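Since the structure comes first, as structure tokens, the remarks are kept for the end.
For reference, positions follow the sequence shown, starting with 1. These values consider heavy atoms only, across backbone and side chains, with no hydrogens, waters or symmetry-generated copies. All values derive from a computational prediction rather than experimental measurement.
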Amino acid sequence: MSLLETFKSWFTPIKPLPRGMLHYQTPSDAAQQYRLHLRVEEDGRGLLVINAATVLHLNQTATEYARLLIQGADEEEAARVMSRRYRVSRATARADYGRLHDHIFTLATSTDLCPVTYLDLERVEPFSAETSAPYRVDLALTYRVDEAGGLDPEARRRVDRELTSEEWQQVLRLLWEAGVPHVCFTGGEPTLREDLVELVRCAEELGLVTGLLTDGRRLREQKVLDGLLLAGLDHLQITLASYRPEVHDAVVGREGVWKDTEAGLRNALAGDVYVVVHVVVVPANADSVAETVAYLAELGVPAVALSSPLRAASEEERLRLQSALEEAQNAAHEHGLTLVWDLAAPYSHVNPVEVEAGLSPEQVVRQHLYVEPDGDVLPAQGYNAVLGNLLRDPWETVWDHPERKRLGGSNS
């Protein structure tokens, strides 16, 4: 190679790796379990999702180190590849790889670290970056809420059919190919779908992290819970309005359901799955919500999500609900519960994101999608702008829809 060619090779930008999705899960016998999803974007940057909870935005070089890590490369192999590709010494490449490995392992196996302060990376605000696919997609399998076929009163009545098992599996494959790492099955009441276990298994086999939002009633049946756990379900979110049976039943609008929900919750807590309880603060339960959080702590619930329809309330009611929310948050901190703000919410409830994270709904639209029972896609739960249908429209048409970008405040 001539001297001129050598100089050209030094200053020519490194061509990014092909866009794609990689997934790693620790072996079942590993002492510490965790999952990694790496999405390589078109320009070579990456999105690393750790345990479906911590999201790191990586530059091109860090993305390539993370890719080697997920592929199981040791330090020597990674140093050889990266020193040749980026013309750095093997010692430098080896040190960089080891440092990234240690950072990721610590984040994946710890619960009390902030990735923003722990990692020596530029801070990226939650939901602020525009990416090629969302962090999570919520799949409303049905808008039915009971065995008799009753519909969620606030769900949109125009949805006149539910996708078949084969169609939902097609949707799951499409989402995985688009680079979505995490799906949450919601509704309605998704446990009314007899194919729920089959859909969880399909998602897990693809590599998706799976969550389930439920009223918990069917989980009282050990067979139902065992089926979901054996299929690989990663986390459960159970909705409980109050520790008082009469208050819970009044809020839900069905007499006698508290007993089943409480039994399902206890059963889930005894299983090998992460459980979050979602408490929606409304006027009917506002006076006892702090006591409900204390009750959940006594049961052994590790985390709670809190939300409230503040925007739809009168000024007087809003102040009351806000006060109840603050009491509930204080109770959660007092009892050592984790406050979770980024899980799915049922169609008729507000999302907990705004309450706990201080984010506007417009920011949330950037990194979530909500799929209705017939395959229509909304920017997020509660938004009535249809972006397309996953069975009829190309992914790019849905994700790059002008209405989604408008709602999310994107300038692109």
Quiz item: Which pair of non-hydrogen atoms, one from His278 and one from Ser307, has the smallest distance, and what is that distance?
Solution: NE2-OG, 2.7 Å
Quiz item: Is the backbone of Leu337 close enough, under 3.5 Å, to the side chain of His335 for a donor and an acceptor to pair up by distance?
Solution: no
Quiz item: Checking Asp138 side chain against Ala380 main chain: does a donor-acceptor pair fall under 3.5 Å?
Solution: no
Quiz item: Under 3.5 Å, is there a donor-acceptor pair between the side chain of Glu177 and the main chain of Gly20?
Solution: no
Quiz item: In terms of heavy-atom contacts, does CZ of Arg19 have more than 12 from other residues, nucleotides or ligands at under 6.0 Å?
Solution: yes
Quiz item: Can you name the closest pair of heavy atoms from Leu139 and Leu172 and give their distance?
Solution: CD1-CD2, 3.7 Å
Practice problem: Look only at the side chain of Asn267 and the backbone of Leu219, and say whether a donor-acceptor pair between them is shorter than 3.5 Å. | Solution: yes
Self-check item: Glu221 side chain reached by Arg218 side chain, heavy atoms, under 4.5 Å
Solution: yes
Quiz item: Would you say Thr292 and Val304 make side-chain contact, with heavy atoms under 4.5 Å?
Solution: no
Quiz item: Any donor and acceptor pair, going by atom type alone, linking the side chain of Arg173 with main-chain N or O of Leu206 inside 3.5 Å?
Solution: no
Quiz item: With no hydrogens and no angle check, is any side-chain donor or acceptor of Asn285 less than 3.5 Å from a backbone partner on Val281?
Solution: no
Self-check item: Considering all heavy atoms, the nearest Thr210-Gly232 contact
Solution: OG1-O, 3.8 Å
Quiz item: Any salt bridge between Arg67 and Glu64, counting N to O under 4.0 Å?
Solution: no
Quiz item: Are any of the side-chain heavy atoms of Arg161 and Glu167 separated by less than 4.5 Å?
Solution: yes
Exercise. Assess the side chains of Tyr143 and Glu162: does a donor N or O sit below 3.5 Å from an acceptor N or O?
Key: no
Quiz item: Do you know the tightest heavy-atom contact between Leu212 and Pro190?
Solution: CD1-CG, 3.4 Å
Self-check item: side chain to side chain contact (heavy atoms under 4.5 Å, CB included) between Tyr135 and His182, worked out
Solution: CA-CA 7 Å; Tyr135 300 157; His182 185 189; over 6 Å; no
Exercise. Run the numbers on Arg320 and Glu317 for salt bridge (charged side-chain N to carboxylate O under 4.0 Å, His left out), then give the verdict.
Key: CA-CA 5 Å; Arg320 181 186 172 208; Glu317 194 173 74; 5.8 Å; no
Quiz prompt | Contact check, side chains of Thr239 and Thr214, non-hydrogen atoms, under 4.5 Å | solution = no
Quiz item: Taking the side chain from Trp258 and the backbone from Ser242, do they hold a donor-acceptor pair closer than 3.5 Å?
Solution: yes
Self-check item: Heavy-atom pair of closest approach, residues Phe185 and Leu199
Solution: CZ-O, 3.9 Å
Self-check item: Check: Pro18 and Val40 side chains under 4.5 Å, non-hydrogen atoms
Solution: no
Quiz item: Is a side-chain donor-acceptor pair under 3.5 Å present for Tyr243 with Glu298?
Solution: no
Quiz item: Taking Thr142 for the side chain and Gly187 for the main chain, is one N or O donor matched with an acceptor at less than 3.5 Å?
Solution: no
Exercise. Could you give me the CA-CA distance, side-chain angles and deciding distance for Thr61 and Met82, then say whether side chain to side chain contact (heavy atoms under 4.5 Å, CB included) is met?
Key: CA-CA 9 Å; Thr61 309; Met82 295 300 283; 3.8 Å; yes
Quiz item: Between Ser323 and Leu319, is there a donor-acceptor pair closer than 3.5 Å when you use the side chain of the first and the backbone of the second?
Solution: no
Quiz item: Between Glu189 and Arg144, does at least one N-O distance fall below 4.0 Å, as a salt bridge requires?
Solution: no
Self-check item: NZ/NE/NH1/NH2 to OD/OE distance under 4.0 Å, Lys223 and Asp226
Solution: no
Quiz item: What pair of heavy atoms forms the shortest contact from Ala286 to Ala324, and how long is it?
Solution: O-CB, 3.6 Å
Exercise. Assign the ring pair His23 / Trp176 to parallel, tilted or perpendicular, where the plane angle (0 to 90°) is split at 30° and 60°.
Key: perpendicular
Quiz item: Relative to the ring of Tyr97, is the ring of His101 parallel (under 30°), tilted (30 to 60°) or perpendicular (over 60°)?
Solution: tilted
Quiz prompt | Spacing of Leu48 atom CG and Ile104 atom CD1 [to the nearest 0.5 Å] | solution = 5.0 Å
Quiz prompt | Within-4.5 Å side-chain heavy-atom neighbours: Leu36 and Leu69 | solution = yes
Quiz item: Nearest 0.5 Å, what's the CG-CD1 distance between Asp215 and Ile238?
Solution: 9.0 Å
Quiz item: Does any N or O in the side chain of Asp195 come within less than 3.5 Å of the main-chain N or O of Glu198, such that one atom is a donor and the other an acceptor?
Solution: no
Quiz item: Heavy atoms, side chains only, cut-off 4.5 Å: are Leu265 and Leu296 in contact?
Solution: yes
Quiz prompt | Ion pair Arg266/Glu262, N-O distance below 4.0 Å | solution = yes
Quiz item: Under the side chain to side chain contact (heavy atoms under 4.5 Å, CB included) criterion, do Leu306 and Gln329 qualify, and how do the steps go?
Solution: CA-CA 8 Å; Leu306 303 169; Gln329 288 173 317; 3.6 Å; yes
Practice problem: Could you please spell out the steps behind the salt bridge (charged side-chain N to carboxylate O under 4.0 Å, His left out) verdict for Arg99 and Asp96? | Solution: CA-CA 5 Å; Arg99 191 159 46 246; Asp96 289 343; 2.5 Å; yes
Practice problem: Determine whether Arg35 and Asp234 make a side-chain contact, defined as any pair of heavy atoms from C-beta on separated by less than 4.5 Å. | Solution: yes
Exercise. Using the side chain to side chain contact (heavy atoms under 4.5 Å, CB included) rule, take Leu58 and Leu47 through it: C-alpha gap first, then chi angles, then the decisive distance, then the call.
Key: CA-CA 6 Å; Leu58 306 177; Leu47 187 79; over 6 Å; no
